[in-house]
Trainee: 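I have a structure I would like to understand better, so I am pasting it below and will then ask my questions one at a time.
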Protein chains: 2
Amino acid sequence: MARKPADQSVDREDILWAAAEVLHRNGYEATTMKDIAAQVNLTAASLYHHFKNKDFLLLSVLEVGLDLTIDKLEVIESSDLTCAEKLGGMIRSHVVSVTGNVAVGAAMVFEIRALLNANVGGKNGDRAFTAEFATRRKRFFARRDYFESLFRNTVQAGIAAGEFRQVDAAIVTRAMLGAHNWVGVWFREGGRLSGAEVADVMVDTWLAALRTHRE
Amino acid sequence: MARKPADQSVDREDILWAAAEVLHRNGYEATTMKDIAAQVNLTAASLYHHFKNKDFLLLSVLEVGLDLTIDKLEVIESSDLTCAEKLGGMIRSHVVSVTGNVAVGAAMVFEIRALLNANVGGKNGDRAFTAEFATRRKRFFARRDYFESLFRNTVQAGIAAGEFRQVDAAIVTRAMLGAHNWVGVWFREGGRLSGAEVADVMVDTWLAALRTHRE
DNA sequence: TCTATAATCTAATCGCAATTTGATTGACTT
DNA sequence: AAGTCAATCAAATTGCGATTAGATTATAGA
């Protein structure tokens, strides 16, 4: 391979996490390539060796965050637990993800608009770039819908199975995701509750909201 | 007073709503003064006649949105309804506000980070400006905490009154607000449900999550 | 009608941020 | 020891966006 000085063993992964963190602090537009570079002791120019441009960098951060979470949810979905147990596991998993890496969690939520606005129809010349970007972005949003469907389907299944009350699954699911996402905004490591504890509260709350019977 | 051509009867208020709308679409950093100006058929320069600068404009938008919502909540709080009824009313009121003016609602949520980052310690010379800004910003955040406390106190009171289960009021309140705020992200006028209908689902969901007994 | 001033505009400034270009610098291979 | 490629950097480019300066226009009131 090649270089990688002891003090600058920075790879694509490192940059992604660093970017997620800065993004969390400032938001996409307010974050400069220099900010991100500084986080890993590089210059802005160096980032272009790892990512085509700022938009691709953002997209990569979002992709990683989403994939990580989806992986965990799929394991739960394909288990043979009751719907209530599954949903509880999913909620816990999602909340823990968000609290465990607030940066990614928040980016997930707040930078999507930036992704939408991102250059594509823009003036930028290189057609190949924008074409690839458009494709990846589209795939990202599809994954995002899939992510949401994992929750919604479980709610729906629970209703069908009589475990949950008759509710508007689509709306309740979004309420749920909104609540979880918001955790990324206020949660602070070292606060009154740990991420797992917050997750427990969420699980309890949502199951109480949905369950047909109360024990 | 003065001028105000028929076709350009734009006042401070108009600019605020326009700004909220553009902000909702693009986010603070991605929104240019020109964008906002265009929305009301003015040039960017003209905006400076009404607002000191971009930061003050954002702050003003947020202030208006918050005050509007708080006003409605206070009426409910000082009524003599049961805690459950009060909370239901507050939830409905908040959600309807958000769906009724997605722009303000979303700005409320998403641009707060921009407000935090906003120049204050900056290089900008004018001490008077920054001092006033710092003060107003501080007051804004205090109002914001107050807003949250209106919900939290009601939950707390409900628990004390035995109407609600024993839950972590602080966390549940934030979960609730997160769910409501998120509505501003996905809600679209003309969708399957009206704002009032979404609000109803929310009320039902949260009361189910909190109530001690189920009817 | 004349005057003061609100509300606008056009035309600069000024600085910053993304991105490009053209070297370097090591490390790994041979 | 030479060659090659990955990983960096410094410096230049470019364009855009906030903000300012200096008119201009329209109204309300004297």
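Letters A, B, ... are given to chains in the order of the sequence lines, protein chains preceding strands, and every chain is numbered from 1.
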Trainee: Side chain of A45(A): nearest nucleotide among dA10(D), dA6(D), dA7(C)?
Mentor: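 Nucleotide nearest to A45(A)'s side chain: dA10(D).
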
Trainee: If I take atom NZ in residue K52(A) and atom P in nucleotide dT19(C), what distance separates them, rounded to the nearest angstrom?
Mentor: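 After rounding, the gap between these two atoms is 13 Å.
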
Trainee: Where do N or O atoms of nucleotides 15-18 of chain C meet protein N or O atoms at under 3.5 Å, pair by pair?
Mentor:
residue : atom : partner : partner atom : Å
dA18(C) : OP1  : T31(A)  : O            : 3.3
dA18(C) : OP1  : K54(A)  : NZ           : 3.0
dA18(C) : OP2  : M33(A)  : N            : 2.9

Trainee: Strictly below 4.0 Å: does S46(A) bring a side-chain N or O up to OP1 or OP2 of dC9(D)?
Mentor: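 Affirmative; the distance criterion is met.
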
Trainee: In this structure, how many angstroms lie between the P atom of dG17(D) and the CG atom of N26(B), rounded?
Mentor: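 Answer to the nearest Å: 11 Å.
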
Trainee: Whole Å only: how far is the CZ atom of R12(B) from the P atom of dT8(C)?
Mentor: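 Value for this atom pair: 14 Å.
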
Trainee: Could you state the CG-P distance from L47(A) to dA10(D), rounded to the nearest angstrom?
Mentor: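 For the pair L47(A) CG and dA10(D) P, the rounded distance is 13 Å.
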
Trainee: Quick one: which residue pairs count as a salt bridge (Lys or Arg N to Asp or Glu O under 4.0 Å) with a foot in residues 57-76 of chain B, not counting sequence neighbours?
Mentor: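 Qualifying pairs: E63(B)-R136(B), D67(B)-R143(B).
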
Trainee: Any side-chain N or O of T43(A) less than 4.0 Å from the OP1 or OP2 oxygen of dC9(D)?
Mentor: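 Checking dC9(D) against T43(A), a side-chain N or O does come within under 4.0 Å of OP1 or OP2.
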
Trainee: Starting from C1' on dA18(D), measure out to CG on D35(B) and report it in whole angstrom.
Mentor: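 D35(B) atom CG is separated from dA18(D) atom C1' by 12 Å.
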
Trainee: Is the shortest side-chain N/O distance from H50(A) to OP1 or OP2 of dT8(D) below 4.0 Å?
Mentor: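 Yes, H50(A) has a side-chain N/O under 4.0 Å of OP1/OP2 on dT8(D).
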
Trainee: Could I get the full list of salt bridge (charged side-chain N to carboxylate O under 4.0 Å, His left out) partners for D200(B), not counting sequence neighbours?
Mentor: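 Applying salt bridge (charged side-chain N to carboxylate O under 4.0 Å, His left out) to D200(B) gives R92(B).
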
Trainee: Could you check how far NE2 of H49(B) sits from C1' of dA26(D), rounded to whole Å?
Mentor: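 The distance from NE2 of H49(B) to C1' of dA26(D) comes to 13 Å, rounded to the nearest Å.
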
Trainee: Are D145(B) and R152(B) close enough for a salt bridge, meaning some N to O gap below 4.0 Å?
Mentor: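 The answer is no: the pair does not qualify as a salt bridge.
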
Trainee: Just the rounded figure in Å: distance from P of dT25(C) to CG of L42(A).
Mentor: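 After rounding, the gap between these two atoms is 17 Å.
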
Trainee: Identify all side-chain donor-acceptor contacts of residues 42-50 of chain A below 3.5 Å with residues at least two apart in sequence or on another chain.
Mentor:
residue : atom : partner : partner atom : Å
T43(A)  : OG1  : S46(A)  : OG           : 3.1

Trainee: Which pairs with one or both residues in residues 170-191 of chain B pass salt bridge (Lys or Arg N to Asp or Glu O under 4.0 Å), sequence neighbours excluded?
Mentor: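 Every pair satisfying salt bridge (Lys or Arg N to Asp or Glu O under 4.0 Å) with a residue in residues 170-191 of chain B: E148(B)-R174(B).
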
Trainee: Which residues satisfy the ring pair (Phe, Tyr, Trp, His ring centres under 6.0 Å) test with F151(A), sequence neighbours excluded?
Mentor: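 Once residues adjacent in sequence are excluded, the partners of F151(A) under the ring pair (Phe, Tyr, Trp, His ring centres under 6.0 Å) criterion are H94(A), F147(A).
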
